[in-house]
S.K.: 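First the structure, which I've put down as structure tokens, then a few questions once you've had a look.
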Amino acid sequence: MSRELWTAVDRYIAETLIAPDPALDRALRASSEAGLPPIAVSPAQGKMLHLLARIHGARRILELGTLGGYSTIWLARALPADGLLVTLELEPRYSQLAAGNVERAGVSDRVELRVGPAMEALDELAAAAGDPFDLVFIDADKKSTPEYFQGALELCRAGSVIVVDNVVRDGALVDASSEDEGVQGMRRFHALLASEERVTATTIQTVGSKGYDGFTLALVNAVRSSPRRSERSRP
Ligand code: SAH
Ligand code: DHB
Ligand code: MG
């Protein structure tokens, strides 16, 4: 089985089940024209994220890795009018482009774009001790995924869902001697999941227009290890 066939099937799925969407199409076109790497989730994956958020009734979503805002738009559209999606992006140029794409998609009232290293933003969000996130989508630099997952956990509640993209990397996940730091990041991430008692998780392999990869789905069972700041002062 070939990538061409996976791509043809993804095209069939998109043509059959995913209505043409000018804002999403334009977001991809603008990203491509601006020279962003073509690594956004596929339409079928975007719609799966959207469905997950709706199934879960998510009102607060956190995304790590905005790129041009393609997955951002899919997720934001799952939110109620008073919902919030915070999305973190290292590259100012990507975030700026995403802002335009999000605006044209009509969801800028629900989306907060933050620029800078995701780890710093996670620390800031923890310090701010706001309401927990119902859904987290981790899709930034792959090497730091375990640290992002641990940081995200502190921002969740029992019942929150965490989705992690690109965890299989062409099957390299099973290569203990891989010199790819992204692969090693995903191996450390799986080791963390195996020992992290606060979550129940599985990983699903995928093929499609984005090649052979996979995602992890984790349900948070228990709350954060340390109490939130707002709770610490309580008797
Ligand atoms: N979620 C997007 C794709 C994200 S690609 C979509 O599916 O549409 C990964 C993104 O993570 C890139 O835009 C990259 O610039 C960003 N990134 C890389 N390192 C980062 C870091 N340390 N902090 C925040 N974002 C980072
Ligand atoms: C890469 C990042 C992604 O989010 C993705 O879906 C595919 C590839 C990357 O950095 O190579
Ligand atoms: Mg990805």
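Order of appearance sets the numbers: ligands from 1, and atoms from 1 within every ligand. Index from 1, following the sequence.
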S.K.: I need the nearest protein heavy-atom contact for atom 14 (C) of ligand 1: residue, atom name and distance, please.
M.R.: E89 OE2, 3.5 Å

S.K.: Going from CD1 on I162 to CZ on F137, what distance comes out if it is rounded to the nearest 0.5 angstrom?
M.R.: 13.0 Å

S.K.: Would you list the atom pairs, donor with acceptor, under 3.5 Å between side chains in residues 115-123 and any protein atom, with sequence neighbours excluded?
M.R.:
none

S.K.: For the Mg ion (ligand 3), which N, O or S atom of D139 is at the shortest distance?
M.R.: OD1

S.K.: Taking a cutoff of less than 4.0 Å between a non-hydrogen atom of the residue and any ligand atom, is T66 in contact with ligand 1?
M.R.: yes

S.K.: Looking at every non-hydrogen atom in both residues, tell me the closest pair between V183 and D175 and how far apart they are.
M.R.: CG1-O, 4.4 Å

S.K.: If you measure every N or O of L90 against every N or O of ligand 1, does any of those distances drop under 3.5 Å?
M.R.: yes

S.K.: Can a side-chain donor-acceptor contact be found between D134 and S160 if the only test is distance below 3.5 angstrom?
M.R.: no

S.K.: With side chain to side chain donor-acceptor pair (under 3.5 Å) as the test, would you mind laying out the steps for N221 and T200 before giving the verdict?
M.R.: CA-CA 7 Å; N221 310 312; T200 305; 3.0 Å; yes

S.K.: Answer yes if the side chains of S209 and T7 hold a donor-acceptor pair under 3.5 Å, and no otherwise.
M.R.: no

S.K.: Looking only at protein heavy atoms, identify the closest one to atom 9 (C) of ligand 1 and say how far it is in Å.
M.R.: D139 O, 3.1 Å

S.K.: N/O of Y94 under 3.5 Å from N/O of ligand 1, yes or no?
M.R.: no

S.K.: Quick test of your reading: applying ring-ring contact (aromatic ring centres under 6.0 Å, His included), list the pairs with at least one residue in residues 190-222, sequence neighbours left out, ordered by first then second residue.
M.R.: none

S.K.: Side chains of D141 and S144 only: does a donor on one sit below 3.5 Å from an acceptor on the other?
M.R.: yes

S.K.: Do E63 and S71 have side-chain atoms, one donor and one acceptor, less than 3.5 Å apart?
M.R.: yes

S.K.: Among protein heavy atoms, which lies nearest atom 19 (N) of ligand 1, and at what distance?
M.R.: D141 OD1, 3.2 Å

S.K.: Below the 3.5 angstrom mark, is there an N/O of G65, backbone or side chain, next to an N/O of ligand 1?
M.R.: yes

S.K.: Return the minimal non-hydrogen interatomic distance between N166 and K142, and the atom names on each side.
M.R.: OD1-NZ, 2.8 Å

S.K.: State, yes or no, whether a side-chain contact exists between L217 and I204 at a heavy-atom distance under 4.5 Å.
M.R.: no

S.K.: Can you work out which protein residues put a heavy atom within less than 4.0 Å of ligand 2?
M.R.: I39, D139, K142, D165, N166, R169

S.K.: Taking the minimum heavy-atom distance to atom 5 (S) of ligand 1, which of L64, L28, D165, I39 ranks first?
M.R.: I39

S.K.: Going by the closest heavy atom to atom 23 (N) of ligand 1, which one wins out of S42, A40, A118?
M.R.: A118

S.K.: Report, in ascending order of atom number, the atoms of ligand 1 lying under 4.0 Å from any heavy atom of P117.
M.R.: 23 (N)

S.K.: Which heavy atom of C156 sits nearest a heavy atom of V220, and at what distance?
M.R.: CB-CG2, 4.0 Å

S.K.: Return the closest protein heavy atom for atom 7 (O) of ligand 1 as residue, atom name and distance.
M.R.: V41 N, 2.9 Å

S.K.: Look at ligand 1 and say whether Y148 reaches it with a heavy atom at a distance under 4.0 Å.
M.R.: yes

S.K.: Table please: side-chain donor-acceptor pairs of residues 30-40 below 3.5 Å, with sequence neighbours left out.
M.R.:
{"from": "S31", "atom 1": "OG", "to": "A27", "atom 2": "O", "distance (Å)": "2.7"}

S.K.: Check each atom of ligand 1 against the heavy atoms of E91 and keep those under 4.0 Å away; list them by number with element.
M.R.: 15 (O)

S.K.: For T216 and T203, run side chain to side chain donor-acceptor pair (under 3.5 Å): C-alpha distance rounded to whole Å, both residues' side-chain angles, the deciding distance at 0.1 Å, then the answer.
M.R.: CA-CA 4 Å; T216 295; T203 290; 2.7 Å; yes

S.K.: Does G116 come within less than 4.0 angstrom of ligand 1, counting non-hydrogen atoms of the residue?
M.R.: yes

S.K.: Of A140, A121, P37, S71, which has the heavy atom at the shortest distance from atom 8 (O) of ligand 1?
M.R.: S71

S.K.: To the nearest 10 degrees, calculate the angle at the Mg ion (ligand 3) involving OD2 of D165 and OD1 of N166.
M.R.: 90°

